[in-house]
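In listed order, ligands and their atoms are each counted from 1.
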Amino acid sequence: MPISSPNSAARIHLLRPLFPATTRTNLRFFPSILRRNLLPNFSINPSLRFSSTQTVSSATAQDCSVEFESMDLEKYSRELEVAVKAVHMACLLCRRVQENLIFKSNVHVQSKDDDSPVTVADWSVQATVSWVLSEAFGIENVSIVAEEDVETLSKTNSVGLLNAVTKTVNESLAEAPSFGIRPPVTPLSTSEVLGAISRCNSTGGPTGRFWVLDPVDGTLGFVRGDQYAVALALIEDGEPVLGVLGCPNYPMNKEWLSYQNGYKRILSRLTSVSSASWDKGCVMYARKGSGGAWMQPLLQKEKKFVWPNSARQIKVSTIDNPALATFCEPVEKANSSHSFTAGLAHSVGLRNQPLRLYSMVKYAAIARGDAEIFMKFARAGYKEKIWDHAAGVVIIQEAGGVVTDAGGHPLCFSRGMYLEGLDRGIIASSGATLHEKIIRAVDASWNSSSL
Ligand SMILES: Nc1ncnc2c1ncn2[C@@H]1O[C@H](COP(=O)(O)OS(=O)(=O)O)[C@@H](OP(=O)(O)O)[C@H]1O
Ligand SMILES: [Mg+2]
Ligand SMILES: [Mg+2]
Ligand SMILES: [Mg+2]
């Protein structure tokens, strides 16, 4: 019997990543297990039956031949569900702030001690995600390592800024019911917002469970009207087990990705006509060991929210010839040596121009198959932070790619807030063959470089 409605197909897509294709369980148990253990807000039609040949909407026969182990099925499913919703809410929040920043110029951009920017969006996302996670799992059970703190916001001359953050957080939490999340009974006060931000003060480590949050990754891209990401990962005993990456400006048409430094112009042109004509924004997610990474389109504010959202599986590119590959790297040469990667690209015969993208959108591009290699070689002495990489690593790996340091070692998330012991830089590739070639090329070029 065919799957009878596109809605059913969408639900199957959404649920599919929770089922690793490892061991076999009878599909007849699918709806009841879901109802009992997984997603209480979802209505599953128990009469769904899958045929091995028929396809409806975007659901394929393969999508439907679900194999899973009920133990694995339960693990992290609730955490993933809440994390995806929280990141989705955060993306909508960021969109509003970015639009205000670009079109009304009424969002103040602050400078941190290291001269990097921070905005209302960074603090507001941190507060919102912290609040959503605490509500879902209980404050005492939630430990978060995150980028922002409350030092600036707590200053006596920051009242206006704190009020703006509080307003932004409350606007976002007012949307919580659209995601099946209960909003606060009354809007959060400024001190509750400060509390939610400052609770994200875990320092990580090798044991136990903690979340890692970069509320706005690529804040520079954000303030320039360009790419940025909201990144949330769950780490258990030093290993990232869940990764969720919201990319509000990720274009569905890959050609737009390479439109460097011009999003502001695209945005202004499109918004004056119809912002819907630029199809952009997604949330990607994966669970370690599930063998799948998934992408949901970002809900459009113009349309009525329909949750659960549909999702489709993403996979890395199959290109393993460096001559045909595209590599991406940070926009700012202060953050990664462009001259080293240019030499390396030349040495392996990379013909395409580098794709310079702000934020963990670079990880998203590899996972989605829009680019094949990501390299970041920060200046000596700079210590990479775990929140700049954790979510992206899980998603790329589950989409079929490889992420290591330049020595070929996995990134280490178990030694605090920094990626301690990182060998030279970070390399992500769409597959092992390409990865090896890049690592060999790095070795060959390293000694002659000035890094
Ligand atoms: N000097 C230096 N070297 C390397 N990396 C640095 C450096 N300074 C900052 N950061 C971190 O880089 C994050 C932004 O990385 P991107 O890849 O987006 O860089 S770029 O803006 O595209 O150049 C950025 O993340 P956000 O602060 O969340 O934007 C920083 O954590
Ligand atoms: Mg960051
Ligand atoms: Mg950040
Ligand atoms: Mg920052």
Measuring from [atom], which candidate in [options] has the nearest non-hydrogen atom?
atom                    : options                : answer
atom 29 (O) of ligand 1 : Gly218, Pro215, Ser359 : Gly218
atom 25 (O) of ligand 1 : Val230, Asp217, Val361 : Asp217
atom 1 (N) of ligand 1  : Asn335, Thr219, Asp115 : Asn335

| message | Need the atom name: nearest N/O/S atom of Glu147 to the Mg ion (ligand 4). | response | OE2

Does ligand 1 have an atom under 4.0 Å from some heavy atom of [X]?
X      : result
Met360 : no
Ser116 : no
Lys333 : no
Val216 : yes

For ligand 1, which atoms sit closer than 4.0 Å to a heavy atom of [X]?
X      : value
Val331 : 20 (S), 22 (O), 23 (O)
Asp214 : 28 (O)
Arg379 : 1 (N)
Ala334 : 1 (N), 3 (N)

Can you tell me which residue and heavy atom of the protein come closest to [atom], and the distance to 0.1 Å?
atom                    : value
atom 31 (O) of ligand 1 : Asp388 OD2, 2.5 Å
atom 27 (O) of ligand 1 : Glu147 OE2, 3.1 Å
atom 21 (O) of ligand 1 : Tyr358 CD2, 3.3 Å
atom 10 (N) of ligand 1 : Tyr382 OH, 3.0 Å
atom 12 (O) of ligand 1 : Lys376 NZ, 3.5 Å
atom 17 (O) of ligand 1 : Lys362 NZ, 2.6 Å
atom 23 (O) of ligand 1 : Glu332 N, 2.7 Å

Within the distance-only criterion (no hydrogens, no angle test), does the side chain of [X] pair as donor or acceptor with the backbone N or O of [Y] below 3.5 angstrom?
X      : Y      : answer
Lys383 : Tyr418 : no
Lys362 : Ser359 : yes
Asn335 : Pro330 : no
Ser336 : Phe377 : yes
Asp122 : Val118 : no
Ser124 : Ala121 : no
Ser134 : Ser130 : yes

| request: Please find out if less than 6.0 Å separates the ring center of Phe374 from that of Phe327. | output: no

Taking only Lys NZ, Arg NE, NH1 and NH2, and the carboxylate oxygens of Asp or Glu, determine whether [X] and [Y] approach each other closer than 4.0 Å.
X      : Y      : answer
Arg379 : Glu332 : no
Glu81  : Arg78  : yes
Arg368 : Asp370 : yes

| Of the backbone atoms (N, CA, C, O) and the side-chain heavy atoms from C-beta on, which set of Leu357 has a member under 4.0 Å from an atom of ligand 1: side chain, backbone, both, or neither? | backbone

| query | Do any N/O atoms on Glu384 end up under 3.5 angstrom from N/O atoms on ligand 1? | reply | no

| message | I need the Glu398 CD to Tyr285 OH distance, nearest 0.5 Å. | response | 13.5 Å

| query | What angle sits at the Mg ion (ligand 3) between OD1 of Asp214 and O of Val216, to 10°? | reply | 90°

| Lys NZ or Arg CZ of Arg312 over Trp294 ring: under 6.0 Å, within 45° | no

